[in-house]
Amino acid sequence: MTTSPADELRTAAQTLRERAASATPGPWRREDDQRRLERFVSSENGTLDINFGYLGNNNQADAEYVALMDPGVGAALADWLDTVTQYAELYANLTLTSTGAPPDEASYDQGTRHALAVARQINGGAP
């Protein structure tokens with residue numbers, strides 16, 4: 001059975017929302033401790049420790065990136081994917097009604113194709 005773009009978007013949004021809800025609440029920020037270890041601290045509801053080891057290599061950039069992608073970002077991305085899902089469903093229904101066939105993925109607008117690329121990364125790849 002072929003998965004529709006709307007189904008892929010919906011699955012990714014659900015995954016993001018579930019993971020964001022079960023993660024340590026944010027916002028997260030990067031902090032350096034006295035030994036120069038990286039860790040993230042939830043400023044509102046407790047502490048999330050992720051040790052990236054001593055500064056060097058790409059640890060600081062990794063730490064900053066993870067802190068940037070806190071559960072609030074995941075929830076916002078899930079909302080965006082839900083909005084694009086609604087558009088994808090509407091477009092598919094209109095195309096099916098007017099042509100008798102579901103739309104070809106290439107016929108979706110660029111924004112929907114970008115959202116689908118994000119969804120596929122979250123879902124683990126192409127359909």
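- With sequence neighbours left out, Q121 forms a side-chain hydrogen bond (donor to acceptor under 3.5 Å, both in side chains) with no residue at all.
- Under 4.0 Å is where a charged nitrogen must lie from a carboxylate oxygen, and between R120 and E8 at least one such pair does.
- A search for side-chain hydrogen bond (donor to acceptor under 3.5 Å, both in side chains) contacts involving Q14 returns E18, not counting sequence neighbours.
- Applying the side-chain hydrogen bond (donor to acceptor under 3.5 Å, both in side chains) rule to D109 yields the partners T112; only residues at least two apart in sequence or on another chain are considered.
- Identified under the ring-ring contact (aromatic ring centres under 6.0 Å, His included) test for residues 76-101, with sequence neighbours left out: Y91-Y108.
- Counting only residues at least two apart or in different chains, salt bridge (charged side-chain N to carboxylate O under 4.0 Å, His left out) contacts with residues 75-85 comprise R17-D79, R17-D82.
- With sequence neighbours left out, T99 forms a side chain to side chain contact (heavy atoms under 4.5 Å, CB included) with T95, A101.
- Qualifying side chain to side chain contact (heavy atoms under 4.5 Å, CB included) partners for T83, counting only residues two or more places apart in sequence or in other chains: none.
- In this structure, the side chain of N123 does not engage the main chain of G125 through any donor-acceptor pair within 3.5 Å.
- Shortest non-hydrogen contact noted between A23 and P71 is CB-CG, 3.6 Å.
- With sequence neighbours excluded, no residue forms a side chain to side chain contact (heavy atoms under 4.5 Å, CB included) with A76.
- Interatomic distance, L77 CG to L81 CG, rounded to the nearest 0.5 Å: 6.5 Å.
- S4 and D7 are linked by a side-chain donor-acceptor pair at a separation below 3.5 angstrom, with hydrogens and angles left out of the test.
- In this structure, T11 OG1 and L16 CG are separated by 11.5 Å, a value rounded to the nearest 0.5 Å.
- In the hydrophobic cluster analysis, where Ile, Leu, Val, Met, Phe, Trp and Tyr join through side-chain heavy atoms closer than 4.5 angstrom, L90 is grouped apart from V84.
- Remark: side-chain polar atoms of S22 are paired, donor with acceptor, to backbone N or O of R19 under 3.5 angstrom.
- Put simply, OG1 on T85 and CG on L116 are 9.5 Å apart, with the number rounded to the nearest 0.5 Å.
- Looking at every heavy atom in both residues, L96 comes nearest to P102 through CD1-N, 3.7 Å.
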